[in-house]
Amino acid sequence: MYDIAFPPAYSGSDWAQSVEVINDKTNQPLEGELETALIELVVNDDCNHPVLRASSDDGSITVPEPGLIQWRFSKEQIAGLCAGKTYAVGCRVTPVGGGTSALFVGSLPFLDGEFR
């Protein structure tokens, strides 16, 4: 599992992110499993309550190429986040054959990006 310090997301803007998933043994992009697996991402507040969710099941997480996952939350979806706070991010994968694994955890600073 990896620990990622994401670049800040800003109020008034979408938060779009891509993450390359690497096979620890070969140091190559993870191929095959991601395209058919269930991939879930959650963003939690400082009380560990989920404030955002994304999943490959509902299409909010995609695998545009082998070893790459991406997601996008609209500015409306992230409007409930508090500027100046840092949120915990976690992502897990469940291949078709079962066996859920954590892909990464991370931190997401959320900053005021509104133009006034």
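Since the model is a prediction, treat every value here as computed from it, not as a measurement. These values consider heavy atoms only, across backbone and side chains, with no hydrogens, waters or symmetry-generated copies.
Of all the heavy atoms in D112 and A83, the pair that sits closest is N-CB, 3.6 Å. Y87 and D45 make their closest contact through CD2-CA, 3.7 Å (heavy atoms, listed as atom of the first residue, atom of the second, distance). Minimum interatomic distance between P66 and E35 (heavy atoms only, all atoms of both residues): CA-OE2, 3.4 Å. Nearest heavy atoms, I61 versus I39: CD1-O, 3.6 Å. When all heavy atoms of P29 and G67 are compared, the pair lying nearest together is CB-CA, 3.9 Å. Between F73 and R53, the shortest heavy-atom contact is CE2-O, 3.4 Å.
Distance check: E20 CD to E65 CD gives 8.0 Å after rounding to the nearest 0.5 Å.
Taking D14 as the reference, R72 meet the salt bridge (charged side-chain N to carboxylate O under 4.0 Å, His left out) condition, with sequence neighbours excluded. Applying the side chain to side chain donor-acceptor pair (under 3.5 Å) criterion to E76, with sequence neighbours excluded, gives S74. Scanning for salt bridge (charged side-chain N to carboxylate O under 4.0 Å, His left out) contacts around K75 gives an empty result, with sequence neighbours left out. Scanning for side chain to side chain donor-acceptor pair (under 3.5 Å) contacts around S13 gives an empty result, with sequence neighbours left out. Evaluation of the salt bridge (charged side-chain N to carboxylate O under 4.0 Å, His left out) rule for D46 yields K85 as partners, not counting sequence neighbours.
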Would you sort out whether V19 and W71 count as a side-chain contact (heavy atoms from CB on, under 4.5 Å), showing the intermediate values?
CA-CA 9 Å; V19 172; W71 61 89; 3.6 Å; yes
With side-chain contact (heavy atoms from CB on, under 4.5 Å) as the criterion, how do L34 and V93 come out once you've worked through the C-alpha distance, each side chain's angles and the decisive distance to 0.1 Å?
CA-CA 8 Å; L34 292 178; V93 62; 4.2 Å; yes
Distance-only donor-acceptor pairs under 3.5 Å for side chains of residues 94-108, two or more places apart:
unit_1	atom_1	unit_2	atom_2	d
T94	OG1	T100	OG1	2.6

